[in-house]
Amino acid sequence: KQEVTQIPAALSVPEGENLVLNCSFTDSAIYNLQWFRQDPGKGLTSLLLIQSSQREQTSGRLNASLDKSSGRSTLYIAASQPGDSATYLCMAGGNQFYFGTGTSLTVIP
Amino acid sequence: DAGVTQSPTHLIKTRGQHVTLRCSPISGHKSVSWYQQVLGQGPQFIFQYYEKEERGRGNFPDRFSARQFPNYSSELNVNALLLGDSALYLCASSLGTVLPTNEKLFFGSGTQLSVL
């Protein structure tokens, strides 16, 4: 069974800092890796989707990379802002969907 | 355009009761999937439906069932509720295809179920 782990569980940074969130998965036979953000009491918003044949995807200040062989993905956030404060979840996709437990990010003004 | 809508937003039930949660996908989306999110954890996949047929199933007991209607909306049913079923239930839609797929998922805000 696929297991997805996210480290750290919580992160607090000052505004403007660049940061990296980590996601690891045990089964490298994934179809894709998707990153989401979740605001308190809300649903999930898709940020980036990396197909298994791709190495990275970029959207604005966000860059996600995928290394299937090592079972890792990272989400890089440049020049963090208070509005980036949320929980970030990664999901390994295939015939089922497997989520990590998330990283709670707080950006301090 | 409206996003994914779920109803009700909050629900309180007692142990042993039955509950039905509803989801309307984004217009034009034909696939709906359901997730259970316990406080402090990531969502767990329950079901995926495409063209009214179950296309994927997570590791949940038979007390959980779902269906998809001709208009692509969906219902999640849970029988014989347990205290441990208390969670946020999320629905997501996508354009639609069988699994596996590279389509992005669009989530609703969820139904918060409390079982007393």
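As the structure is a prediction and not an experimental result, all values here were calculated from the model. Chain letters run A, B, ... following the sequence lines, proteins first and then strands; every chain starts at 1.
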Discussion item. Suppose a student defines contact as a heavy atom less than 4.5 Å from any heavy atom of chain A. Which residues in residues 4-20 of chain B would they list?
Written reply: none
Worksheet item: L62(A) and W35(A): same hydrophobic cluster, using ILVMFWY side-chain contacts below 4.5 Å?
Response: yes
Practice prompt. Establish whether F60(B) and F99(A) are linked, either directly or via other cluster members, by ILVMFWY side-chain heavy-atom contacts under 4.5 Å.
Written response: no
Item to complete: Sort L47(A) into side chain, backbone, both or neither according to what part of it lies under 4.5 angstrom from a heavy atom of chain B.
Response: backbone
Fill in: Rounded distance (nearest 0.5 Å) linking atom OH of Y35(B) with atom CZ of F97(A)
4.5 Å
Worksheet item: Would I30(A) and L49(A) show up in the same hydrophobic cluster when neighbours are defined by side-chain heavy atoms closer than 4.5 Å?
Response: no
Worksheet entry | Side-chain touch L105(B)/M91(A), heavy atoms, less than 4.5 angstrom | yes
Item to complete: Check Q96(A) against R57(B) and note the closest heavy-atom contact, atom names and distance.
Response: NE2-O, 3.1 Å
Worksheet item: Checking heavy atoms, do the side chain of Q51(A), its backbone, both or neither come under 4.5 Å from chain B?
Response: both
Discussion item. Surrounding CD of E3(A) (heavy atoms of other residues, nucleotides or ligands, distance under 6.0 Å), is the total greater than 12?
Written reply: no
Worksheet item: Under a 4.5 Å heavy-atom cut-off, does chain B meet the side chain of Q6(A), its backbone, both or neither?
Response: neither
Worksheet, complete the sentence: Turns out that what part of F36(A) lies under 4.5 Å from chain B's heavy atoms comes down to side chain
Fill in: Interface moiety of L89(A) toward chain B, non-hydrogen atoms closer than 4.5 Å
side chain
Response to the item:
Among residues 66-75 of chain B, those lying within the under-4.5 Å heavy-atom range of chain A are none
Worksheet, complete the sentence: So, the part of Q37(B) with a heavy atom under 4.5 Å from chain A: the answer is side chain
Worksheet item: Crowded around R63(B) CZ? As in, over 12 foreign heavy atoms under 6.0 Å?
Response: yes
Worksheet item: L44(A) and I46(B): same hydrophobic cluster, using ILVMFWY side-chain contacts below 4.5 Å?
Response: no
Discussion item. At a 4.5 Å cut-off on heavy atoms, which part of L88(B) comes close to chain A: side chain, backbone, both, or neither?
Written reply: side chain
Worksheet entry | Greater than 12 external heavy atoms within 6.0 Å of L39(B)'s CG | no
Worksheet item: Same hydrophobic cluster for L76(B) and F107(B), using side-chain heavy-atom links shorter than 4.5 Å among ILVMFWY?
Response: no
Worksheet item: Taking atom OG1 of T45(A) and atom NZ of K104(B), what is their separation to the nearest 0.5 Å?
Response: 10.5 Å
Item to complete: May I ask you to name which of G40(B), P43(B), G42(B) has the most heavy-atom pairs under 4.5 Å with chain A?
Response: P43(B)
